[in-house]
Amino acid sequence: MESYDFKVSEKKWQDKWEKAGVFHAVDNSDKKKFYALVEFPYPSGAGMHVGHIKAYSGLEVVTRKRRMEGYNVLFPIGFDAYGLPTENYAIKTGIHPRKVTDMNIEKFTGQLKRVGFSFDWTRVVDTTEIGYYKWTQWIFLKMFEKGLVFRDKTLVNYCPSCKVVLSNEDSQGGKCDICHSDVVQKSKDVWYLRITEYADKLLEGLDSVDYLPNVRLQQENWIGKSTGAFVNFTVKNTDEMLRIYTTRPDTLFGVTFMVMAPEHPMLDKYKDMIENFADVEAYRAECAKKTEFERTQLVKEKTGVKLQGFCAVNPVNGKEIPIFISDYVMMGYGTGAIMAVPAHDQRDYDFAKKFGVDIIEVIKGGDMEKEAYTGDGEMVNSGFLNGFTKKKASIEKMLEYLTEKGIGEKGVQYKMKDWAFNRQRYWGEPIPIVHCEKCGTVAVPYDELPLKLPEVENFEPGSDGESPLAKIDSFVKCTCPKCGAPARRETDTMPQWAGSSWYFLRYIDPHNSERFADMDKLKYWGMVDWYNGGMEHVTRHLIYSRFWHRFLYDIGEVPNPEPYAKRTAQGLILGPDGEKMSKSKGNVVDPNDVVDVYGADVLRTYVLFMGDYEKAAPWNESSMKGCKRFMDRVWNLQSILTDGEGYSSKLESSMHKTIKKVTEDIEALKYNTAIAALMTLLNEIYDAGSITKAELKTFITLLNPFAPHITEEINEAQGFGGMLANGTWPVYEDAKCVDAEIEIAVQVNGKIKARIKVAADIDEAGAIEAALANDAVKAAVDEKSIVKKLYVKGRLVNIVVK
RNA sequence: GCUCCCGUGGUGGAAUUGGCAGACACGCAAGAUUUAGGAUCUUGUGCCGCGAGGUGUGCAGGUUCAAGCCCUGUCGGGAGCACCA
């Protein structure tokens, strides 16, 4: 028997699969459909690293199995190619981003093909291709048409280094997500998508899908729904109400002051009434110097200013209470003003201590000298609530009261903010809007789409953070689609998240020029059955794409409200040093290097065998040798092949057990134990000394999703016929998964004393009898009296003695 | 600060969800084969002990016939959110 040459074989089978088109999804087939989606890569210049391989290998195994189970499988791939790294590279080198992107896509494609992934290469999508971004613009215009796009002048997160406006998501922790420099606050005209309008739908939609628990939890936290009450406080000597939001209306009797955000508009309206307005302005100036990061991140002493001549009245007891301004209250959440209950909120407590405000306890149970008390307890000093002991009941009662008296009502708040949707950059989808002196912001007519991204020579953004497009007169100057007057085009582009918000729909019908995807095809393929990707995308990409998809559903353009039926996430591959792989640390592993030395089958098997698929694990080259050895031993099975028919009696139950184990583990993301089960079976086969054709065929079929090349080669060499890629998944019989005789453990008082062999179908009485007959057990029981005898079916007997 | 996840041999990790801890693999040791190196094969390998045996899942308690798994406390690591009213 010749030895296996993976270099020849892998290329050979990749070509054969491609020529036969075995991985092409068929629209409107009679077979059951299965749509598996992996997060498409950003084609960076560095090429892929092994983390990508792990991310795709999970569903790669599932889809190869599904095809053999008779499904019509859609397993596509594409490229999320707009974005800053490409543009920055273009600025540095002078090579056009289009060229850079094409080069990178070519590199990625080559890497992916060498690994032998079973993607449908006829459906590749590139978000920067004009036939694609036409529809990104189209969806944006639909949102504009439905009032989900608006423009606002606000303080935005701005990265002085990248010269772009960043969303909250892109500037977490006060650092730019791209270059990690400090983000500053800047006043800008910004396009927003009204994602907050979909907060409830995005939250409720989670009930109808199967996401990993922690993925779901992160989405819920991100949306951040809280229920509480809006309460209106009268402001003395004005007609106006100071409106606040609280989650603790039960503590209303404990309010001893109020706090407004320094930017609260009421302050300017009543500046003549506020005797110390100069102090307000001074405090504002102080706050403006701080970044959002400093304002929210630092655990620091509370600051603020007490307003003179401007105070409020507690609506439940008529008490006059002072109003402060302080930057611990944000304009962006709730109403920009709060009622402060120092006895039962730590921030209010800190503030009251510093400014000498009264602290009135309304719930017993804490120590007012030390800190605020947030637990349950008996209500005191609270009028009609006195004597209540449960928070929930008090809140209900108070809400009833507020509604009845017309001073407040039940309310809901979300942490999620609207989505800042423009970037002052070149390499993105142009926003199809025209600014007209007379008509304001006007949509580019649908029949003028795509609005083509113009060719430019210089991609540098303007020094004031303007888009490079603003420098191109021929692009900027246009006529208003509404009135025909000379107008100016929007020169900002969309953020990178835009293209990835709907790509999974385009895979269904990638070459359609009439629609983003044909409705019948959308109906046939339906929801993505299984979506796998990184944990880092579960709060941004996953929320954004669910939002876009839900919007398309609401306007009748897609058949399902939710895009993904199931979502899982793989753990990172860390560098050999246990650190996150990064170019700067020099610990990145290139899949090409691994394929060169070990072959694609070994790489694929190793990334799934190295540990729990959902957990991070360090790269370990020597451990990969075990997978190489495994492949060699699989190949050598051919040397112990016999003429026997079917499964041999020695191996029959092991065969069935392994089929069951591998079949189930693949569905449960337990690829590592599925591979381990195959290794165990392999060891048993060598122990048995021979293998039948039927056994070999089953073995290579089970291994095929992990190591498709070597198994195809064996299949061909043995003349089993056809290609495994078109093969049939083996079935097992439950009845044959059990051995006739099993070993059970015998414990005395919970300690193992013996292991005995019994018939598999033994009953409780029989098992206990057999256990008590054992000498070691007899010795341990001795003359003590038996208190209890337990039998766990097929596992153990425990004799409790005293 | 809050929320969530995780701590198992020299290493990566298994453990039917309360039932024989350490599957599978790496590494290591001894042996076989080989001119040698490499590769391959066999055997062994949690720790203590020559042994019988004891002991063992970060640490300390608890529940149970039985705990890696459940409960309480504590220490350590990671992720997410973060003055959210």
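To find a chain, count down the sequence lines: A is the first, B the second, and so on, and within it residues start at 1.
- Remark: the backbone N or O of M241(A) is not paired with any side-chain donor or acceptor of N232(A) at under 3.5 angstrom.
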task = At under 4.0 Å between heavy atoms, which parts of nucleotides 8-15 of chain B does protein reach? Answer with one letter per nucleotide, 5' to 3': B base, S sugar-phosphate only, - none.
result = ----BSSS
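- Taking every heavy atom of both residues into account, I359(A) and A352(A) meet most closely at CG1-CB, 4.2 Å.
- Between the side chain of R755(A) and the base of C20(B), a donor-acceptor pair under 3.5 Å is found.
- Distance check on atom C1': C70(B) versus U17(B) gives 11 Å, rounded to whole Å.
- In G46(B) the O4'-C1'-N dihedral to the base is more than 90° from 0, which defines an anti nucleotide.
- Between the side chain of N314(A) and the backbone N or O of L252(A) there is at least one donor-acceptor pair closer than 3.5 Å.
- Between K751(A) and U55(B) there is a side-chain polar atom (N or O) within less than 4.0 angstrom of OP1 or OP2.
- Using a 4.0 Å heavy-atom distance criterion, N683(A) is classed as a sugar-phosphate-only contact.
- A52(B) and U42(B) are spaced 30 Å apart, taking the C1' atom of each and rounding to whole Å.
- A gap of 13 Å separates the P atoms of G46(B) and C24(B), to the nearest Å.
- Taking the side chain as every heavy atom from C-beta outward, Y598(A) and E621(A) approach each other to under 4.5 Å.
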remark   = The dot-bracket string of RNA chain B, counting Watson-Crick and G-U wobble pairs with both distances under 3.5 Å, using [ ] for crossing pairs and | for pairs to another strand, is (((((((..(((......[....)))((((((.......))))))(((....)))..(((((..]....))))))))))))....
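- Of the candidate nucleotides A23(B), C81(B), A85(B), A85(B) has the atom nearest to the side chain of V329(A).
- Scanning all heavy atoms of the two residues, the minimum distance from S394(A) to L385(A) falls at O-CD2, 3.8 Å.
- Heavy atoms of I752(A) sit under 4.0 angstrom from primed sugar atoms or phosphate atoms, though from no base atom.
- What separates OH of Y791(A) from C1' of C20(B) is a distance of 14 Å, to the nearest Å.
- For Y732(A), the side chain to side chain donor-acceptor pair (under 3.5 Å) criterion is met by no residue, not counting sequence neighbours.
- Side-chain atoms of E741(A) never come within 3.5 Å of backbone atoms of K757(A) as a donor-acceptor pair (strictly under, hydrogens ignored).
- Considering T663(A), D665(A), T658(A) in turn, D665(A) is the only one that fulfils the side chain to side chain donor-acceptor pair (under 3.5 Å) rule with K661(A).
- Using C1' as the reference atom, C26(B) and U72(B) are 39 Å apart when rounded to the nearest Å.
- The interatomic distance linking M631(A) (CE) with A25(B) (C1') rounds to 13 Å, in whole Å.
- Counting only distance, with no hydrogens or angles, the side chain of Y791(A) and the backbone of D763(A) share no donor-acceptor pair below 3.5 Å.
- Note on E743(A): a base of the nucleic acid sits closer than 4.0 angstrom, heavy atoms only.
- Residue contacts shown for K789(A) are absent, as no nucleic acid heavy atom lies under 4.0 Å away.
- Remark: the Y671(A) side chain and the S57(A) side chain contain no N/O donor-acceptor pair separated by less than 3.5 Å.
- Taking atom P in both G80(B) and U74(B), the straight-line distance is 25 Å, to the nearest Å.
- For V792(A), whose side chain is taken as the heavy atoms from C-beta onward, the closest listed nucleotide among G19(B), A85(B), C20(B) is G19(B).
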Quick one: side chains of residues 622-634 of chain A, donor-acceptor pairs under 3.5 Å with protein atoms, not counting sequence neighbours, listed by atom name and distance.
residue: S622(A); atom: OG; partner: N620(A); partner atom: OD1; Å: 3.0
residue: R633(A); atom: NH2; partner: N683(A); partner atom: OD1; Å: 2.6

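- Taking every heavy atom of both residues into account, P249(A) and I395(A) meet most closely at CG-CG2, 3.8 Å.
- In this structure, the side chain of N532(A) engages the main chain of A55(A) through a donor-acceptor pair within 3.5 Å.
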Kindly give the atom pairs (protein nitrogen or oxygen, nucleotide nitrogen or oxygen) under 3.5 Å for nucleotides 37-42 of chain B.
residue: U40(B); atom: OP1; partner: R629(A); partner atom: NE; Å: 3.3
residue: C41(B); atom: OP1; partner: R633(A); partner atom: NH1; Å: 3.4

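- The side chain of S622(A) has C26(B) as its nearest neighbour among G80(B), A85(B), C26(B).
- Atom CZ of F630(A) is separated from atom P of C24(B) by 13 Å (rounded to the nearest Å).
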Listed pairs, N/O of protein and of nucleotides 64-66 of chain B, under 3.5 Å:
residue: C65(B); atom: O2'; partner: N798(A); partner atom: ND2; Å: 3.4
residue: C65(B); atom: O2; partner: N798(A); partner atom: ND2; Å: 2.5

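- Rounded to whole Å, atom C1' of A85(B) lies 14 Å from atom CG of D350(A).
- Nucleotide U64(B) carries an anti base; the chi torsion (O4'-C1'-N9-C4 or O4'-C1'-N1-C2) is more than 90° from 0.
- A distance-only check finds a donor-acceptor pair linking the side chain of Q219(A) to the backbone of V538(A) [under 3.5 Å].
- Straight-line distance between the P atoms of C6(B) and C69(B): roughly 13 Å, to the nearest whole Å.
- C59(B) and G7(B) have their P atoms separated by 13 Å, with the value rounded to a whole Å.
- As rounded to whole Å, 13 Å separates atom C1' of U3(B) from atom CE of M535(A).
- The pair D250(A)-R248(A) meets the salt-bridge criterion, with a side-chain N (NZ, NE, NH1 or NH2) lying under 4.0 Å from an Asp/Glu carboxylate O.
- Nearer to the 5' terminus of RNA chain B, by closest-nucleotide assignment, is the contact made by Q218(A) (compared with the other of Q218(A) and M339(A)).
- Of the inter-residue distances, the one linking I799(A) atom CD1 with L790(A) atom CG reads 8.5 Å to the nearest 0.5 angstrom.
- Computed from coordinates, the Y333(A) OH to A82(B) C1' distance equals 13 Å when rounded to whole Å.
- For the P atoms, the distance linking A66(B) with G56(B) amounts to 15 Å, nearest Å.
- Distances from the side chain of W222(A) to the nucleotides C81(B), A85(B), C24(B) place C81(B) closest.
- I338(A) has its CD1 atom 10 Å from the P atom of A85(B), to the nearest Å.
- T335(A) approaches H264(A) most closely through the heavy-atom pair O-NE2, 3.6 Å.
- The interatomic distance linking E664(A) (CD) with U17(B) (P) rounds to 11 Å, in whole Å.
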